[in-house]
> 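Pasting a structure below so you can have a look.
Each chain gets a letter, A, B and so on, in the order its sequence line appears, and its residues count up from 1.
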Amino acid sequence: MGTPKSVPSFDPALEGRLLAVQRKIASRVMLEDRFSLASVAGVDQSFVDDVVISAAVVLDPECSVLAEASSRQRTSFPYCPGYLFFREGPAAIKAVRALPFRPGLLFIDGCGINHPRRAGLASYIGVILDLPTIGVSKSVLCGSFDLPQAVGEAAPLRHEDSLVGYILKSQKGCRPIVVAPGHRISADSALEVVRCFLKDHKLPEPCRLAHEHARRLRVDLLRAGEAAL
DNA sequence: GCGACAG
DNA sequence: ATCTTGTCGC
């Protein structure tokens with residue numbers, strides 16, 4: 001038996017506005033390569049009820065940490081597949097803006113153009129900040145593909161007759177990850193770049209370190225909470 | 001009508 | 001995402 005997953009359901013008027021926003025974002029997405037690998041930031045979120053904690057960790061090409069920043073704020077928007085930006089986006093953007101400089105590329109935990117309306121979290125953040133972004137996720141929201149077998153192998157992810165990303169077998173014993181362009185980068189380049197930042201883990205270093213940092217901040221917040229009691 | 005469904 | 005024990009493998 002399994003627990004039913006949340007179902008997307010909004011007030012018609014609200015949904016209309018959300019879809020309009022996504023249409024606008026999708027129309028502004030650029031897939032031409034216009035990024036730099038001098039500084040690559042991973043961005044990820046953790047939660048404590050409706051408090052969103054976002055962490056950004058910037059690495060150089062050798063994966064040395066160049067900078068870190070974070071943000072924390074409440075959200076009233078529920079998790080709903082296809083509308084992730086409205087829940088996690090604001091906090092993520094705030095964390096990136098808190099960095100001491102603008103990274104040459106962002107690795108975002110979530111979809112890019114591999115989204116029903118080509119407006120995943122990564123595309124959204126890329127367009128809003130006018131920064132190159134790649135969406136890295138652990139499961140597929142939409143699209144069809146063949147499972148890659150050997151470690152290092154990638155298979156194209158297609159949705160509505162177009163290539164929207166790749167399914168990459170990043171590590172043995174792990175389910176493959178999903179790599180897709182968010183903004184200002186092509187699908188092929190996104191795959192190539194992610195491979196460059198892949199070490200001995202399932203996720204590329206920027207994502208792994210950002211995830212680690214976000215979780216550490218979550219523990220800190222929980223401990224601060226019980227200390228206040 | 002019945003599933004599927006980023007984090 | 002988060003909640004959680006033990007367990008399989010390098």
> Here's a test of your reading of the structure: between K172(A) and Q45(A), which maps to the more 5' nucleotide of DNA chain C?
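By nearest-heavy-atom nucleotide position, the 5'-most residue is Q45(A).
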> Calculate the interatomic distance between I108(A) atom CD1 and dA1(C) atom P; express it in whole Å.
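Rounded to the whole Å, the gap is 15 Å.
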> Which nucleotide wins on minimum distance to the side chain of S46(A), given the candidates dG7(B), dC5(B), dT2(C)?
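Of the options given, the side chain of S46(A) lies nearest dT2(C).
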> Below the 4.0 Å mark, does dA6(B) have OP1 or OP2 next to a side-chain nitrogen or oxygen of K138(A)?
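No, K138(A) has no side-chain N/O under 4.0 Å of OP1/OP2 on dA6(B).
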> Expressed as a whole number of angstroms, how long is the span from I177(A):CD1 to dG7(B):C1'?
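Interatomic distance, CD1 of I177(A) to C1' of dG7(B): 16 Å.
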> So, does S139(A) get its side chain near the phosphate of dC5(B), meaning an N or O under 4.0 Å from OP1 or OP2?
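No, outside the criterion.
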> State whether the number of non-hydrogen atoms from other residues, nucleotides or ligands found under 6.0 Å of D11(A) atom CG is greater than 12.
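Yes - once you tally the heavy atoms of other residues, nucleotides and ligands closer than 6.0 Å, there are more than 12.
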> Hey, is the side chain of R218(A) poking within less than 4.0 Å of OP1 or OP2 on dT2(C), counting only N and O atoms?
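Answer is yes, contact under 4.0 Å.
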> Answer yes or no as to whether dA1(C) has its base stacked against Y79(A), where stacking requires a ring-centre separation under 5.5 angstrom and planes under 30 degrees apart.
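By the stated criterion, Y79(A) and dA1(C) do not stack.
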> So with a 6.0 Å cut-off around CZ of R117(A), is the heavy-atom count from everything else above 12?
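Check passes, neighbour count above 12.
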> Output the rounded distance in Å from CG (L141(A)) to C1' (dA6(B)).
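One finds 5 Å between C1' of dA6(B) and CG of L141(A), rounded.
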> When we call it a touch if two heavy atoms are under 4.0 Å apart, what does V140(A) touch: a base, just sugar-phosphate, or nothing?
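Sugar-phosphate contact only.
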> Once the angle between the rings of Y124(A) and F85(A) is folded into 0 to 90°, is it parallel (under 30°), tilted (30 to 60°) or perpendicular (over 60°)?
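Ring orientation of Y124(A) relative to F85(A): parallel.
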> Is the CZ atom of R216(A) crowded by more than 12 outside heavy atoms at less than 6.0 Å?
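Result for CZ/R216(A): enclosed.
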> From the list dA6(B), dC3(C), dG7(B), which nucleotide is the closest neighbour of the side chain of D109(A)?
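When the side chain of D109(A) is considered, dG7(B) is the closest of dA6(B), dC3(C), dG7(B).
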> Roughly, in whole Å, what's the span from CG in L157(A) to C1' in dC5(B)?
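For the pair L157(A) CG and dC5(B) C1', the rounded distance is 14 Å.
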> Side-chain N or O of H115(A) less than 4.0 angstrom from OP1 or OP2 on dC5(B)?
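Answer is no, no contact under 4.0 Å.
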> Between D50(A) (CG) and dT2(C) (P), how many Å, whole number?
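From D50(A) CG to dT2(C) P: 14 Å.
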> Take a 6.0 Å sphere around CZ of R28(A) and say whether it holds more than 12 heavy atoms from other residues, nucleotides or ligands.
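No, because the 6.0 Å sphere around CZ of R28(A) holds 12 heavy atoms or fewer from other groups.
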> Would you kindly give the CD1-to-P distance between I53(A) and dG7(B), to the nearest whole Å?
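Nearest whole value for this atom pair: 18 Å.
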> For G135(A), answer base if it contacts any base atom (sugar-phosphate contacts may also be present), sugar-phosphate if it contacts only those atoms, and nothing otherwise; contact means non-hydrogen atoms under 4.0 Å.
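The residue G135(A) makes no contact with any strand.
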